[in-house]
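Working notes, structure below.
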Number of protein chains: 2
Amino acid sequence: MSAEASTQHPAHSPLTQRQEERRRRILHASAQLASRGGFDAVQMREVAESSQVALGTLYRYFPSKVHLLVATMQDQLDHMHGTLRKKPPTGERAADRVAETLMRAFRALQREPHLADAMVRALTFADRSVSPEVDQVSRQTTAIILDSMGLTDPTPEQLSAVRVIEHTWHSALITWLSGRASIAQVRIDIETVCKLIDVTDPGQHTSRTHE
Amino acid sequence: MSAEASTQHPAHSPLTQRQEERRRRILHASAQLASRGGFDAVQMREVAESSQVALGTLYRYFPSKVHLLVATMQDQLDHMHGTLRKKPPTGERAADRVAETLMRAFRALQREPHLADAMVRALTFADRSVSPEVDQVSRQTTAIILDSMGLTDPTPEQLSAVRVIEHTWHSALITWLSGRASIAQVRIDIETVCKLIDVTDPGQHTSRTHE
DNA sequence: CGCTAATCTAGAACAAGTTTCAGACTTGAT
DNA sequence: ATCAAGTCTGAAACTTGTTCTAGATTAGCG
């Protein structure tokens with residue numbers, strides 16, 4: 001409950017270069033193994049070996065497998081946010097742009113379904129001990145959605161809609177990953193939930209100034 | 001890939017009475033342990049011991065911990081559906097009734113937060129091998145929501161809205177269970193997503209014939 | 001440079017999910 | 001009642017996440 005814990009994590013004090021490199025190697029190995037076989041294929045011993053780090057060290061950097069995978073997700077999300085920024089969505093209405101952005105993200109995940117599996121399963125399986133990290137992922141996701149809406153100063157109603165969109169996004173992803181929903185179904189769900197954006201702000205002409 | 005597997009599960013042929021009793025004992029032990037300490041407290045060895053069944057037998061009835069917990073959820077859901085039926089929601093509009101029903105279910109879960117944790121974590125962590133069982137839970141949830149709407153013959157749009165509501169329900173539950181959202185926040189999310197019901201069918205006077 | 005604290009390593013050990021196996025018990029059909 | 005097939009039991013073994021330990025290495029500092 002206290003502000004910051006002990007000297008456990010190297011992340012708390014600025015990392016030396018070698019530590020930064022270790023951290024990168026670990027995340028890379030994690031993503032690589034995840035890409036192969038999903039959540040189960042990310043075995044801590046293998047991650048340690050692949051990244052040329054002792055098992056104990058791996059656990060010093062990431063206190064659990066879930067922490068590691070959530071950190072991997074943060075990493076990938078950062079990457080994706082950058083990519084999405086470069087090609088902003090083109091829809092007229094905010095709802096369309098959000099749906100477009102999420103479907104674009106979804107297609108990216110489809111290219112590495114195993115990696116997606118590992119990350120999303122970790123995210124939803126995370127318990128309280130991972131809350132800060134999961135929250136960070138959530139904030140990042142919110143930022144992406146708000147970005148695509150072109151909003152800098154959302155109303156509480158809009159924030160609620162975004163929250164629900166995120167819920168739907170995660171859950172729809174899970175149903176797809178576990179083979180219980182088709183890609184088409186995911187699209188429908190996303191498009192459906194995006195209607196909420198228009199509901200929370202029906203009057204506003206949310207089309208962007210097409211530069 | 002074939003229709004039905006080998007003679008693995010006793011569930012496939014009708015159970016004898018003793019088998020039915022064993023199954024009940026197992027589910028009871030599972031729920032009991034889950035109520036104590038959530039997902040982690042449901043340890044297969046303990047479940048086996050509590051229900052006076054050999055470990056191997058437990059695995060014959062439920063091929064994994066996740067299968068067991070999802071079955072536990074089915075069980076609890078059946079129970080809850082029965083309870084909810086007795087006191088139907090009273091709201092005027094369909095959206096209100098759905099929100100009321102879900103909040104009622106939510107309050108029930110709050111009474112056994114550890115049990116809720118075990119069941120929901122299992123549900124979202126389930127992989128493809130549990131798809132049929134998870135699907136069953138999903139159908140049951142859909143039935144509860146449609147019931148509360150008072151619909152017997154929903155349109156595709158309404159079904160989409162219900163899907164999104166379920167997504168939100170699961171995901172909001174997870175954020176609450178992992179301490180990242182307050183009860184108030186969950187209520188807001190549920191109420192927000194329930195607006196979709198009105199969107200998918202704005203004209204219709206969805207108030208029930210108050211008998 | 002030489003010291004001290006922190007970090008890293010290799011490897012053993014532990015915990016809980018899952019599998020396996022030999023033998024005892026039930027069940028159903030004849 | 002008896003036999004065969006299927007089921008249950010108890011216990012050991014195996015897997016993978018996690019923790020622990022003793023010693024080597026590194027980093028920061030006087």
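Predicted model only: the values in this text are computed from it and were never measured. Here is the naming used below: chain letters follow the sequence lines, and residue numbers restart at 1 for every chain. As a basis for the values below, the full set of heavy atoms in this structure was taken, side chains included, without hydrogen atoms, waters or symmetry mates.
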A/H67 NE2 to D/dT19 P, straight-line distance once rounded to whole Å: 11 Å

Measure the distance from CD on B/E21 to P on D/dT7 and round it to the nearest whole Å. 17 Å

Is the distance from OP1 or OP2 of D/dT26 to the nearest side-chain N or O of A/Q19 less than 4.0 Å? no

Looking at A/R97 and A/T90, what are the two nearest heavy atoms and their distance? CG-C, 4.5 Å

Below 4.5 Å, heavy atoms only, C-beta onward: do B/T101 and B/I145 meet side chain to side chain? no

Atom CG in A/L102, atom CD in A/E100: separation rounded to 0.5 Å? 10.5 Å

Between CD of A/E20 and C1' of C/dT7 the distance, given in whole Å, is 16 Å

Determine, stepwise, if the pair A/E166 / A/S138 fulfils side chain to side chain donor-acceptor pair (under 3.5 Å). CA-CA 8 Å; A/E166 280 187 52; A/S138 176; 3.3 Å; yes

Partners meeting side chain to side chain donor-acceptor pair (under 3.5 Å) with B/E49 (sequence neighbours left out): none

CG of B/L84 to NZ of B/K87, rounded to nearest 0.5 Å, is 11.5 Å

Measure from CZ on A/R22 to P on D/dT26 and round the result to the nearest Å. 9 Å

Side chain to side chain contact (heavy atoms under 4.5 Å, CB included) between A/M44 and A/L58, worked out: CA-CA 8 Å; A/M44 298 304 269; A/L58 172 54; 3.9 Å; yes

All heavy atoms of B/H81 vs all of B/A143, minimum pair found to be CE1-CB, 4.0 Å

Work out which heavy atom in B/S129 is nearest to a heavy atom in B/E133; give both atom names and the distance. O-OE1, 4.2 Å

Using a heavy-atom cut-off of under 4.0 Å over every strand shown, decide if A/Q52 touches base, sugar-phosphate, or nothing. sugar-phosphate

Rounded to whole Å, please give me the gap between CZ in B/R18 and P in C/dG28. 12 Å

Determine, step by step, whether A/V120 and A/L177 satisfy the side chain to side chain contact (heavy atoms under 4.5 Å, CB included) criterion, reporting the C-alpha distance in whole Å, the side-chain angles of both residues, the deciding distance to 0.1 Å, and the verdict. CA-CA 9 Å; A/V120 174; A/L177 287 168; 3.8 Å; yes

According to the ring-ring contact (aromatic ring centres under 6.0 Å, His included) rule, which pairs have a member within residues 128-186 of chain A, sequence neighbours left out? A/F106-A/W176

With a 4.5 Å limit on heavy-atom distance, are the side chains of A/L196 and A/V193 in contact? yes

Taking all heavy atoms of B/M80 and all of B/A108, pick out the closest pair and write down the distance. CE-CB, 3.3 Å

B/Y61, nearest nucleotide to its side chain (from D/dC8, C/dA10, D/dT26): D/dC8

Nucleic acid contacts of residues 113-130 of chain A, taken as heavy-atom distances under 4.0 Å to DNA chain D: none

So if I take the C1' atoms of five pairs at each end of the helix from C/dC1-D/dG30 to C/dT30-D/dA1 and get each local axis, what angle do the two axes make, rounded to 10 degrees? 20°

d(CZ, A/R60; C1', C/dA6) in whole Å: 7 Å

Report, as a single string ordered 5' to 3', how protein heavy atoms within less than 4.0 Å touch nucleotides 15-24 of chain C: B base, S sugar-phosphate only, - not at all. -BBBB-----

Within residues 27-37 of chain A, those residues having any heavy atom closer than 4.0 Å to DNA chain C are none

Roughly, in whole Å, what's the span from CG in A/L58 to C1' in D/dT16? 13 Å

Any side-chain N or O of A/T16 below 4.0 angstrom from OP1/OP2 of D/dA27? no

Does B/K65 qualify as a cation-pi partner of B/F125, given the criterion of NZ or CZ under 6.0 Å from the six-membered ring centre and within 45 degrees of its axis? no

